[in-house]
Each structure stands twice: as structure tokens, then as C-alpha cells.
Amino acid sequence: MRPLFIRRARQLVTLAGSSAAPLVREKMNDLQIIENGSVWIERGVIIAVGPDDELAHRFADRIGEADVIDARGKTVTPGLIDPHTHLVYAGSREHEWTMRLRGATYMEIMNAGGGIHATTKATREASEEMLYEESKRRLDLFLLHGVTTVEAKSGYGLSFEGEIKQLEVAKRLHDTHPVDVVSTFLGAHAVPPEWKDDRDGYIRLIMEVMIPEVSRRGLAEFNDVFCERGVFTPDEARRILEAGKAHGLTPKIHADEIEPYGGAELAAEVGAISADHLLRASDEGLRRMAERGVIGVLLPGTAFFLMTQAADARRLIDNGVPVALATDCNPGSSPTVSLPLVMSLACLHMRMTPAEALAAATINAAHAIGRSHVIGSLEPGKKADLAIFNAANYMQIMYYYGVNHTEMVIKDGKIVVNEGKVCI
Ligand SMILES: N=CN[C@@H](CCC(=O)O)C(=O)O
Ligand SMILES: [Zn+2]
């Protein structure tokens, strides 16, 4: 494999120096930008990052053996990282969207057997092959938007076989697709209809059968619960998350999305790596999250698509909670793969600065999935995962909202998107 030399980026956004701890408060605005910057890559790893003249001098006698990418006029960033998706599912729910547009609420639709239950039915019925193909198409689209790593949750199987099938598909996608897929077990996404009259039986199935087997097979690193009134209570969530911990699965929580429910407090109590959604989190919950270093993963695309007030990102940032951003890609509340659009929404609906949004979708997102030592910034020794945007500066990636500026994506040192097309 020839070395790769990316040269003379108008802005090379490195986010260097934050691998040990996520960026918080004002530090989220410090992107460590190099003007006219270059990157030298060998065998999939970043070897050097710096001003072009410095690197041209250092590698002068090796430039001839390298593939050179001219990034003049472009903005180069770490590959974007999406730390909250429901990537693997079958079917779609546009008819429910129409019902919501006519006034039905998300929870009403779910309680009437639609929502998560509808996607669970479709996902259970899909063959592993169909599930793989549908999810692979979505993963291609993520890549085309500059995303090189996604977290992917199960939670549409809601049975032993169904959950394992989803996680197996996620693993196969990770093994076969350039985008890295990091798996989270979400057996506690909803109580499936067949367990309606014995919810404790379902919770015990999760704790005593699913979690041990998911862990034994190495199918997930994280364990998540949809902790919301009418779904799983904080006490139930605590039991499930503690059971996961006992089997080496790190907790994550869907917390305080629809009403204040103690999810943020629980995230801090169990030592979750992240608490996600947080639209209605209490001040006390956020204070405890900041104290324990729990990342707040915010999902402004979900609030936008559910037509509700977005999370108060400023309140999180001012309280010292490290913030990451994600698409929440799923067929019910956020059917998008565009992390750049989510970054625009973070600015427009949550008043994050473009710098904060980019930090939240790179290094802080890496922290939210326990990968900050390998991805999320452009530094020697890290994976060579980069996105090249047809934008004169990082702000334009978000300012021209709804436009996909991704021109090239480098994954593990290989060009996998060129001129806006997947070229694997
Ligand atoms: N809130 C719960 N889970 C998903 C939605 C899943 C669905 O509607 O299918 C979310 O994060 O928004
Ligand atoms: Zn979710």
C-alpha cells in the first residue's frame, strides 16, 4: 500500500489534544485548525500532521512513492462519527409520519401497536440477508455524508433470536463495509406484545438470557435502555444496566426524551458512558452527569422530525457536560443519515456554534463510544479516517444546510468516496 499524502487543505481541522478527555465548555470551540495543512498516511495510520511546508520538507525524498491528494480550497476533518443510530432495521414508517402530521403523538402511535412495534414486526420477518442489504444501503449513505464510524443498536428484535439476528447483521456490516460499526444491545427498547402481561418476565429474559449470550458471543460493547414513562422505569433500567455491567457491557441510556424521568441521574449513578436525547433532563441530573463525565449525546434531528423543542444544548455545555451529536437514524423519529444536517440543526435549533457542533460529531462522539484513543481527531498514531469537504472553511459544512459537501472520504488510509461517489 503506497503512502497517502493529503496536501494543502485550506483548513485542516485536527481537534488534536483531546483523546484523553472530551472537550467541555469553551474548549469545544478550540478545533486546532491548521491553515494550508497536510497529512502523511502509511498503512492506514496517520504518521504526521502539520503545515504543508513542514511535511513537504520532512517527507521530501518519499513524495515520489506516495499517492498525493490536492486538497487546496477544501476543508479536511476527522471522519465524522455517529454515536447513536438504529442502523439495522427493516421497513419504513412514512404512514405514521402522516398520522403525526394529522395530530397523533409518537407515544400514542407506539401504544396502539405501531412505532417501535411496527418496525419490530418488519425486522423479525426479514431474512438476515434482506436486513443486511437494507442496512448496507444506509451505511453507504452514511459514508457518502463523511461518516466513517457509526454506533448501531439492536432493539427491533425484542426476542432472543431477533436481537441476535440484528447484532449478527451489524457485525457482518462491520466486517464487510468500510464504515466501522460499533454495536449496542438494546433489548430494552420496548416490551414486545407477547410479554405485555408479564413485563418482569421479559426483563428477566433480557438480564438472564440475552445479556449473557450477547456478551459471550462478543456481539455488543454497550447496553442501552429506553427509560421513559410507559416503556422502562428508572428502577427497571437500573436492573438491566447493572446486569449488563456484570457481563462487561457498558451502560448507555435513552434518557428524559419525552418527560423528566430521572434518566440523567440514573446515567450518572450507574456510570453510563453516555445519556442520549435529554430534552427534559433536570438541572440536578445534568450536574451529576458533568460530575461523572457522562457524555450527553444530543439528537436534534429527532426533535426536528418529531416537531418538538430540541434539547437545551447550552444548558448542558454551561453545566460542563461534554456534548456529542448523532443522527439517531431510525424509521420512526429520525429517518436520516445526514450527520452534517444534524450539525446544522444543532446550530439552528440548539444554538451550538459550528465549532461546537463539529467537535461534538468527531472527538466527543468518539468518547461517547469509547474510541477516542483511535479516532475522532487527526493525530499521529490514529486511524487514517478523514473527510474532505468541498467547503472553504468548516462553518460552510453547516451554514449551507441540507447540502452534502462531502467530496472524498478516506477510511483506514484508503479512498472510499471520491467525487461524492462510493468507490470501494
Ligand atoms: N426513543 C426510542 N428509540 C428511538 C426511536 C425508535 C423508533 O421510533 O423506531 C429513538 O431513539 O428516537
Ligand atoms: Zn435511539
Side-chain angles (χ1 to χ4, degrees), residues 82-97 99-100 104-124 126 131 134-135 138 150-158 162-163 166 170 182-192 220 222-232 237 240 251-259 261 263 267 272-281 295-308 310-311 324-337 339 342 345 365 368-369:
D82 193 332
H84 182 141
T85 86
H86 301 255
L87 172 76
V88 180
Y89 65 82
S92 74
R93 309 214 306 259
E94 57 280 2
H95 54 286
E96 286 182 8
W97 178 49
M99 283 160 70
R100 283 200 296 105
T105 69
Y106 177 81
M107 284 313 248
E108 277 165 11
I109 293 171
M110 174 161 158
N111 293 333
I116 293 171
H117 301 301
T119 301
T120 298
K121 188 168 180 296
T123 306
R124 284 178 176 178
L131 209 48
E134 277 195 42
S135 309
R138 275 189 285 278
V150 302
E151 182 257 17
K153 299 174 195 298
S154 64
Y156 293 125
L158 306 184
E163 289 293 300
Q166 258 190 294
V182 176
S183 285
T184 296
F185 171 64
L186 179 58
H189 198 191
V191 176
F222 302 102
N223 179 31
D224 197 342
V225 176
F226 186 10
C227 178
E228 196 73 46
R229 191 179 300 285
V231 194
F232 291 93
I240 294 165
K252 279 184 170 275
I253 312 187
H254 281 64
D256 303 316
E257 177 182 359
I258 293 159
E259 56 178 275
Y261 203 44
I273 193 164
S274 75
D276 304 28
H277 285 291
L278 300 172
L279 278 69
R280 314 268 176 249
I295 315 252
V297 176
L298 302 185
L299 313 165
T302 309
F304 174 68
F305 197 71
L306 294 180
M307 299 174 290
T308 179
L325 285 171
T327 60
D328 192 19
C329 171
N330 76 76
S333 63
S334 189
T336 187
V337 292
L339 197 49
V342 164
L345 293 174
I369 53 169

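Given the structure is predicted, the values throughout are model-derived calculations rather than measurements. Each ligand, and each atom within it, is numbered from 1 in the order the structure gives.
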**Study point:** Close side-chain approach of Pro251 to Phe222, heavy-atom, < 4.5 Å
**Key:** no

Review point. Thinking salt bridges, do Glu259 and Arg229 make one under a 4.0 Å N-O criterion?
Key: yes

Review point. Is the distance from the Zn ion (ligand 2) to the nearest N/O/S atom of Asp328 under 2.8 Å?
Key: yes

Review point. Which heavy atom of the protein is the closest neighbour of atom 2 (C) of ligand 1, given with residue, atom name and distance?
Key: Phe226 CE2, 3.3 Å

Review point. Which of the N/O/S atoms in His86 sits closest to the Zn ion (ligand 2)?
Key: NE2

Review point. N/O/S atom of His277 under 2.8 Å from the Zn ion (ligand 2), yes or no?
Key: no

Review point. Tyr89 and Arg138: side-chain donor and acceptor closer than 3.5 Å?
Key: yes

Review point. Does His189 come within less than 4.0 Å of ligand 1, judged by its heavy atoms?
Key: yes

Review point. Which residue holds the protein heavy atom closest to atom 1 (N) of ligand 1, what is that atom called, and what is the gap in Å?
Key: Glu257 OE1, 3.0 Å

Exercise for review: Would you tell me whether Thr105 and Arg100 have side-chain atoms, one donor and one acceptor, within less than 3.5 Å of each other?
Suggested key: no

Exercise for review: Could you tell me whether Tyr156 approaches ligand 1 through its side chain, its backbone, both or neither, with non-hydrogen atoms closer than 4.0 Å?
Suggested key: side chain

Review point. Does at least one non-hydrogen atom of Asp328 fall below 4.0 angstrom from an atom of ligand 1?
Key: yes

Exercise for review: Give the numbers and elements of all ligand 1 atoms closer than 4.0 Å to a heavy atom of His254.
Suggested key: 1 (N), 2 (C), 3 (N), 11 (O)

Practice item. Could you give me the CA-CA distance, side-chain angles and deciding distance for Asn223 and Ile240, then say whether side chain to side chain contact (heavy atoms under 4.5 Å, CB included) is met? Key: CA-CA 8 Å; Asn223 179 31; Ile240 294 165; 4.0 Å; yes

Review point. Shortest non-hydrogen contact from Ala255 to His277?
Key: O-CB, 3.6 Å

Exercise for review: Going by the side-chain contact (heavy atoms from CB on, under 4.5 Å) test, name the single residue among His189, His86, Lys153 that passes it with Asn330.
Suggested key: His86

**Study point:** Any side-chain heavy-atom pair of Thr327 and Val337 under 4.5 Å
**Key:** no

Exercise for review: Mark up the atoms of ligand 1 that fall under 4.0 Å of a heavy atom belonging to Gly332, in ascending order.
Suggested key: 8 (O)

Check your understanding: Looking at His84, which atoms of ligand 1 are within less than 4.0 Å of one of its heavy atoms?
Key -> 11 (O)

Exercise for review: For the residue pair His254 and Asp224, confirm or rule out a side-chain donor-acceptor distance under 3.5 Å.
Suggested key: yes

Exercise for review: Would you please determine whether Met110 falls within less than 4.0 Å of ligand 1 on a heavy-atom basis?
Suggested key: no

Check your understanding: Closest non-hydrogen protein atom to atom 4 (C) of ligand 1, residue and atom name please, with distance?
Key -> His86 NE2, 3.6 Å

Practice item. Output the list of atoms in ligand 1 that are nearer than 4.0 Å to some heavy atom of His277, sorted by atom number. Key: 1 (N), 10 (C), 11 (O), 12 (O)

Study note, to complete from the structure: Any heavy atom of Asn330 under 4.0 Å from ligand 1? The part involved is side chain

Review point. To the nearest 10 degrees, how large is the angle at the Zn ion (ligand 2) between His84 NE2 and His254 NE2?
Key: 90°

Check your understanding: Of the options Asp82, Val182, Val150, which is the one that meets Ile369 in a side-chain contact (heavy atoms from CB on, under 4.5 Å)?
Key -> Val182

**Study point:** Ligand-side contact atoms (ligand 1) for residue partner Arg93, heavy atom cut-off under 4.0 Å
**Key:** 7 (C), 8 (O), 9 (O)

Practice item. State, yes or no, whether a side-chain contact exists between Asp328 and Ser333 at a heavy-atom distance under 4.5 Å. Key: yes

Revision key, fill the gap. Atom 8 (O) of ligand 1 sits nearest the protein heavy atom Tyr106 OH, 2.5 Å

